[in-house]
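Written below as structure tokens is the structure these notes are about.
Convention: sequence-line order gives letters A, B, ...; per-chain numbering from 1.
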Amino acid sequence: MSESDGDGGAGADTDGGEEWTLPDDLESVQEALIAWYEGDHREFPWRRTDDPYEILVSEVMSQQTQLDRVVSAWEAFLERWPTTAELADADRADVVGFWTDHSLGYNNRAKYLHEAAAQVETEYDGEFPTEPDELQELMGVGPYTANAVASFAFNNGDAVVDTNVKRVTYRTFSIPDDDAAFESAANDLMPDGESRVWNNAIMELGGVACTQTPRCDEVGCPWREWCGAYASGDFTAPDVPTQPSFEGSRRQFRGRVIGTLREYDELELDTLGHRIRVDYAPGGEYGREWLTGLLTDLEDDGLVDIDDPESGAEDELVARLRR
DNA sequence: ATCCCGCGTG
DNA sequence: CACGCGGGAT
């Protein structure tokens, strides 16, 4: 109904955009996937709620962490902060501390979640908006998360496009490795008004069947009869940019700073330095200068405060988690 | 080593 | 548009 009904790819090939088409019997394609998903799928607790806050928490956690590890963190988080009102009232340091305690990584996202809860309270009167465009106004909520929340909470989303959906559509229907093409194809595939089950189903397909090393027959992939990769045996997938190594990285030391301040409340800078790396030496290669660089970045991110000490007349600076 | 349901900022 | 952002599991 929106654009390019059924016949896929932007016809004009002027800017190098490649041609692609979806099968004629889209309805069969759709029914096959939904039947496969409803027949059997992994049971995650967030698939049994339609509370937008609970969904949002699960989505933010899932962006960075394997789903199996998210389950216990999600349950503990919602037990501690069951509503946006309660999360908004929490100290940021406690939310970031929770994130670290549960090894959820990327502490910025704890801050985003905390801020999003405050936005819901102050800007939306405690009620989540239901449209993807409005949801995207929330801190830390981009196009993917907005459609996920709109879909799973309100059955009111567009097709989600994540790395799973890209891989599945690239292989099955030979959609070119191009974001606009993926988005268009994903939306053409999705049956109108069924974003909740559809987005769950296509991501489940990417998660258990159309994996890096595919398991088409083992899990009975419902799209084998339409799948270009299954026919050709070429299961190449779009490149996902590989991360620089973590060991010894700046990221690793940021994580140690947060974890250490979580444990000690407030620490003088050199003490903190020694805690986070054994080769810390105030005047050395990794010393005061290196540490303050790290800390000012964390301060700019809103995660850490650098202050004069509360007591005493000393001028040694201390660091602590921002409340 | 590589993977894992993106996002905000410069 | 490129870049930085954690860390457990395998």
Self-check item: Residue that, paired with A:F173, satisfies ring pair (Phe, Tyr, Trp, His ring centres under 6.0 Å) out of A:W223, A:Y230, A:W20, A:F182
Solution: A:W223
Self-check item: Charged N-O contact under 4.0 Å between A:R171 and A:D234
Solution: no
Quiz item: What nucleic acid atoms does A:P244 come within less than 4.0 Å of, heavy atoms only: base, sugar-phosphate, or nothing?
Solution: nothing
Quiz prompt | Gap between atoms CG and P, on A:L135 and B:dG6 respectively (whole Å) | solution = 17 Å
Quiz prompt | P gap between B:dG10 and C:dG6, integer Å | solution = 16 Å
Practice problem: Take atom C1' in C:dG8 and the same atom in B:dG8, then report the distance between them in whole Å. | Solution: 25 Å
Practice problem: Check the distance between C:dG4's C1' and A:F246's CZ and give it to me in whole angstrom. | Solution: 13 Å
Self-check item: A:E137 CD to B:dC7 P, straight-line distance once rounded to whole Å
Solution: 14 Å
Quiz item: Crowded around A:Y124 OH? As in, over 12 foreign heavy atoms under 6.0 Å?
Solution: yes
Self-check item: Donor-acceptor pair, side chain of A:D125 and main chain of A:E127, under 3.5 angstrom
Solution: no
Exercise. Examine B:dC7: is either OP1 or OP2 under 4.0 Å from a nitrogen or oxygen in the side chain of A:T145? Give yes or no.
Key: yes
Exercise. May I ask you to decide whether A:D265 forms a salt bridge with A:R320, counting only side-chain N to carboxylate O separations under 4.0 Å?
Key: no
Exercise. Flag the pair A:E266 and A:R322 as a salt bridge only when some basic side-chain nitrogen lies within less than 4.0 angstrom of an acidic carboxylate oxygen.
Key: no
Quiz item: For DNA chain B, what residues of residues 195-211 of chain A have any heavy atom nearer than 4.0 Å?
Solution: A:M203
Quiz prompt | Ion pair A:K166/A:D179, N-O distance below 4.0 Å | solution = yes
Quiz item: Near A:E43 CD, under 6.0 Å, is it more than 12 heavy atoms from other residues, nucleotides or ligands?
Solution: yes
Self-check item: Charged tip of A:R80 within 45° of A:F98 ring normal and under 6.0 Å
Solution: no
Quiz item: What integer distance in Å separates A:E247:CD from B:dA1:P?
Solution: 10 Å
Quiz item: So what's the dot-bracket for DNA chain C: Watson-Crick or G-U pairs under 3.5 Å, [ ] if a pair crosses, | if it pairs off-strand?
Solution: |||||.||||
Quiz item: Using a heavy-atom distance cut-off of less than 4.0 Å, which residues of residues 36-57 of chain A contact DNA chain B?
Solution: A:R47
Exercise. Assess the pair A:W198 and A:Y37: is the distance between their ring centroids shorter than 6.0 Å?
Key: no
Quiz item: Could A:D101 and A:R262 be called an ion pair, given the rule that one side-chain N must be under 4.0 Å from one carboxylate O?
Solution: yes
Quiz item: Are any of the side-chain nitrogens in A:E263 or A:R275 under 4.0 Å away from the carboxylate oxygens of its partner?
Solution: no
Exercise. Flag the pair A:R92 and A:E115 as a salt bridge only when some basic side-chain nitrogen lies within less than 4.0 angstrom of an acidic carboxylate oxygen.
Key: yes
Self-check item: Main-chain N/O of A:P241 paired to A:D239 side chain as donor or acceptor, under 3.5 Å
Solution: no
Practice problem: List in numerical order all residues of residues 91-121 of chain A for which some heavy atom is under 4.0 Å away from an atom belonging to DNA chain B. | Solution: A:R109, A:Y112
Quiz item: So does A:D217 pair up with A:R224, basic N to acidic O under 4.0 Å?
Solution: yes
Quiz item: Do you see a donor-acceptor pair shorter than 3.5 Å between the side chains of A:S195 and A:D158?
Solution: no
Exercise. Provide, to the nearest angstrom, the distance between the OH atom belonging to A:Y144 and the C1' atom belonging to B:dC4.
Key: 12 Å
Quiz item: Near DNA chain B, under 4.0 Å by heavy atom, which residues of residues 147-169 of chain A?
Solution: A:D162, A:T163, A:N164
Quiz item: Listed in order of residue number, which residues of residues 62-78 of chain A have a non-hydrogen atom at under 4.0 Å from DNA chain B?
Solution: A:S62, A:Q63, A:Q64, A:Q66, A:L67
Self-check item: B:dC5 to C:dC3 separation - P atoms, rounded to the nearest Å
Solution: 25 Å
Practice problem: Please work out which of the three classes, parallel, tilted or perpendicular, describes the rings of A:Y280 and A:H274, given edges at 30° and 60°. | Solution: perpendicular
Quiz item: A:G142 or A:S245: which one's nearest nucleotide on DNA chain B is closer to the 5' end?
Solution: A:S245
Self-check item: Distance-only donor-acceptor check, side chains A:T83 and A:E86, under 3.5 Å
Solution: yes
Quiz prompt | Spacing of A:Q243 atom CD relative to C:dG7 atom P, expressed in whole Å | solution = 12 Å
Quiz item: A:Y286 ring centre to A:R277 NZ or CZ under 6.0 Å, with the angle to the axis within 45°?
Solution: yes
Exercise. Starting from C1' on B:dC5, measure out to CD on A:Q212 and report it in whole angstrom.
Key: 14 Å
Quiz item: Can a side chain N or O of A:R251 be found less than 4.0 Å away from OP1 or OP2 on C:dG7?
Solution: no
Exercise. Let me know the distance between CZ of A:F182 and P of B:dG6, rounded to the nearest Å.
Key: 14 Å
